[in-house]
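In the text below, chain A, chain B and the rest are named by the order of the sequence lines, each starting its count at 1. Heavy atoms only: backbone and side chains are in, while hydrogens, waters and symmetry mates are out. Just so you know, these numbers come straight off a predicted model, no measurement behind them.
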Amino acid sequence: MADNTNNNNINNNNNKDEDDEFKEIKEEWIQIQNSLKQQLILTDNVTWSLNELRYIGGVDISFVKDNNEDACACLIVLEYPSMNIVYKDIGFIKLTLPYIPGFLAFREVTFLMEMINRLKSDPVNSQYLPQVILVDGNGILHPRSFGLACHLGVLADIPTIGVGKTPFQQDGLNIKDIRDQFKKNCQNAGDFIHLVGTSGTIWAAALKSHKDSTNPIYVSQGHKLSLETTLNIVKLLTLYRVPEPIRQADLQSRDYIRLNFKPTTPPNTTTTTANK
DNA sequence: GCGACAG
DNA sequence: ATCTTGTCGC
């Protein structure tokens, strides 16, 4: 009865933390996404044409600082081309899962689906069900070609677009090369470069969305849209660096937290005296 | 051993 | 994601 209970490997205590504390759950999640991936469509698969684009959704989740479970989820529907907000679903949520790089969908997608399903079943507002949803996170620009935008699109069966502010570096993609090419080739708003991996895969586009933007946004296919159509839609909806549906969802959810979040235990645990 | 790692 | 002031320009 010695104390060498886990000696399957000879030297396994020189790594960072534990050896992948999420290894089990990751394997499970990969299987789930592999299954969903069979339903993913990366060509134009919509009944409308661009000049019939009217209702566009944007989703985002904002977080409370120093707090791992309280957050605010928001679904915005904009009318194009007026850009008026015609529908808003916003409220606090309780996060249950951590952020694990490459697995953002599992942390956020259930809350996004709740909002979409609420709209789908709303007798008054279901007319505003968006024709396409812009997602704060990548689409196929992802280690397993299935980012949050893809995951949400398949579950909701709605066309989606992934919009990221930082890219995954995979398949030979490299942030320095991307920035160099971007700086060289993208001078005006609307200019973009394709992100082509070593394998020849076109993962996304780095888009100069606004004339004053130094950094690109990374636009990748989510579901049911070609990259070309995806980019055309993003360009139509961009007034600032971040496309308006996502920008509005972000602004609204941040405001909501600032105005409505009440800490349960204020940082006043020291003084219980001196009230007169 | 080292770098990368959406939000 | 969040922490933060100013600053440059239209």
Side-chain angles (χ1 to χ4, degrees), chain A residues 11-17 19-23 25-26 29-30 33 58-75 92-112 133-153 160-179 189 195 197-198 203-207 210-223 239-243 246-247 249-258 261 263 267:
Chain A
N11 51 352
N12 59 355
N13 54 357
N14 57 352
N15 277 330
K16 299 172 183 175
D17 300 326
D19 219 37
D20 253 340
E21 60 174 312
F22 299 113
K23 185 178 183 189
I25 193 70
K26 282 183 182 176
W29 285 348
I30 289 172
Q33 293 193 316
V59 289
D60 188 35
I61 295 180
S62 290
F63 299 81
V64 176
K65 61 176 179 178
D66 301 325
N67 184 321
N68 285 323
E69 61 174 27
D70 290 299
C72 175
C74 181
L75 163 65
F92 286 115
I93 58 173
K94 290 280 189 184
L95 297 164
T96 58
L97 297 168
Y99 167 66
I100 302 174
F103 298 88
L104 176 65
F106 292 91
R107 178 163 161 87
E108 298 195 346
V109 81
T110 54
F111 303 103
L112 305 181
I133 299 176
L134 275 64
V135 179
D136 192 356
N138 293 314
I140 64 170
L141 177 55
H142 178 273
R144 297 179 308 284
S145 315
F146 201 77
L148 173 59
C150 302
H151 198 127
L152 181 69
T160 52
I161 291 173
V163 178
K165 291 175 273 302
T166 58
F168 279 106
Q169 301 180 59
Q170 49 176 281
D171 191 21
L173 296 182
N174 162 276
I175 185 64
K176 288 192 175 293
D177 293 343
I178 292 172
R179 285 189 179 143
L195 268 46
T198 305
W203 294 100
L207 171 70
H210 186 274
K211 64 180 177 61
D212 294 334
S213 302
T214 303
N215 299 313
I217 58 173
Y218 297 91
V219 179
S220 60
Q221 294 166 78
H223 186 42
L239 304 178
Y240 304 94
R241 178 177 178 234
V242 176
I246 294 175
R247 181 172 166 272
D250 182 59
L251 292 172
Q252 302 270 340
S253 56
R254 286 196 206 205
D255 274 353
Y256 192 88
I257 288 175
R258 186 170 52 75
F261 183 75

Can the positive tip of R254(A) be found less than 6.0 Å from the middle of the six-membered ring of F63(A), inside 45° of the ring normal?
no
What residues form a side chain to side chain donor-acceptor pair (under 3.5 Å) with K165(A), not counting sequence neighbours?
D136(A)
Which residues pass the side chain to side chain donor-acceptor pair (under 3.5 Å) test with S220(A), sequence neighbours left out?
none
Tell me whether the rings of H151(A) and F106(A) are parallel (<30°), tilted (30 to 60°) or perpendicular (>60°).
perpendicular
Aromatic plane relationship, Y240(A) with H210(A) - under 30° parallel, 30 to 60° tilted, over 60° perpendicular:
parallel
Counterpart residues, side-chain contact (heavy atoms from CB on, under 4.5 Å), relative to [X] (two or more places apart):
| X | answer |
| --- | --- |
| N174(A) | Q169(A), K176(A), D177(A) |
| K23(A) | D20(A), E27(A) |
| P98(A) | F22(A), I100(A) |
| F261(A) | V64(A), N67(A), D70(A), F92(A), I257(A), P263(A) |

Nucleotide [N], atom [atom2] - distance to [atom1] of [X] in whole Å:
| X | N | atom1 | atom2 | value |
| --- | --- | --- | --- | --- |
| R247(A) | dA1(C) | CZ | P | 15 Å |
| L104(A) | dA6(B) | CG | C1' | 6 Å |
| L148(A) | dC5(B) | CG | C1' | 16 Å |
| H151(A) | dG7(B) | NE2 | P | 18 Å |
| E21(A) | dC5(B) | CD | P | 20 Å |
| L195(A) | dA6(B) | CG | C1' | 14 Å |
| I93(A) | dA1(C) | CD1 | C1' | 12 Å |
| L97(A) | dG7(B) | CG | C1' | 14 Å |

Can you name the atoms? Protein N/O to nucleotides 2-4 of chain C N/O, anything below 3.5 Å, with the distance.
| unit_1 | atom_1 | unit_2 | atom_2 | d |
| --- | --- | --- | --- | --- |
| dT2(C) | OP2 | R254(A) | NH2 | 3.4 |

May I ask you to say what [X] touches in the nucleic acid, namely base, sugar-phosphate or nothing, with a heavy-atom cut-off under 4.0 Å?
| X | value |
| --- | --- |
| L141(A) | nothing |
| Y218(A) | nothing |
| N138(A) | base |

One thing to verify: whether D255(A) and R258(A) come together as a salt bridge, which I'm taking to mean a side-chain N less than 4.0 angstrom from a carboxylate O.
yes
What is the minimum heavy-atom distance between L141(A) and A204(A), and which atoms define it?
CD2-CB, 3.9 Å
DNA chain B-proximal residues of residues 167-176 of chain A, any heavy atom under 4.0 Å:
P167(A), F168(A), Q169(A)
My understanding is that only one of I246(A), L134(A), L75(A) makes a side-chain contact (heavy atoms from CB on, under 4.5 Å) with V59(A); could you say which?
L75(A)
Tested for side-chain contact (heavy atoms from CB on, under 4.5 Å) against D60(A), the lone hit among L251(A), D250(A), L112(A) is D250(A)
Can you check nucleotides 6-10 of chain C for protein contacts, nitrogen or oxygen pairs under 3.5 Å, and list what you find?
none

Intra- and inter-strand pairing of DNA chain B, written as dot-bracket with Watson-Crick and G-U pairs under 3.5 Å and | for the latter, reads .......
Ring pair (Phe, Tyr, Trp, His ring centres under 6.0 Å) against H223(A), all qualifying residues, sequence neighbours excluded:
none
For DNA chain C, just give me the dot-bracket, please: Watson-Crick or G-U, both distances below 3.5 Å, ( ) intra-strand, [ ] crossing earlier pairs, | paired with another strand, . unpaired.
..........
Kindly say whether L97(A) contributes a backbone atom to a donor-acceptor pair with the side chain of R107(A) at under 3.5 angstrom?
yes
Could you state the interatomic distance from OH (Y99(A)) to CD (E108(A)), rounded to the nearest 0.5 Å?
9.5 Å
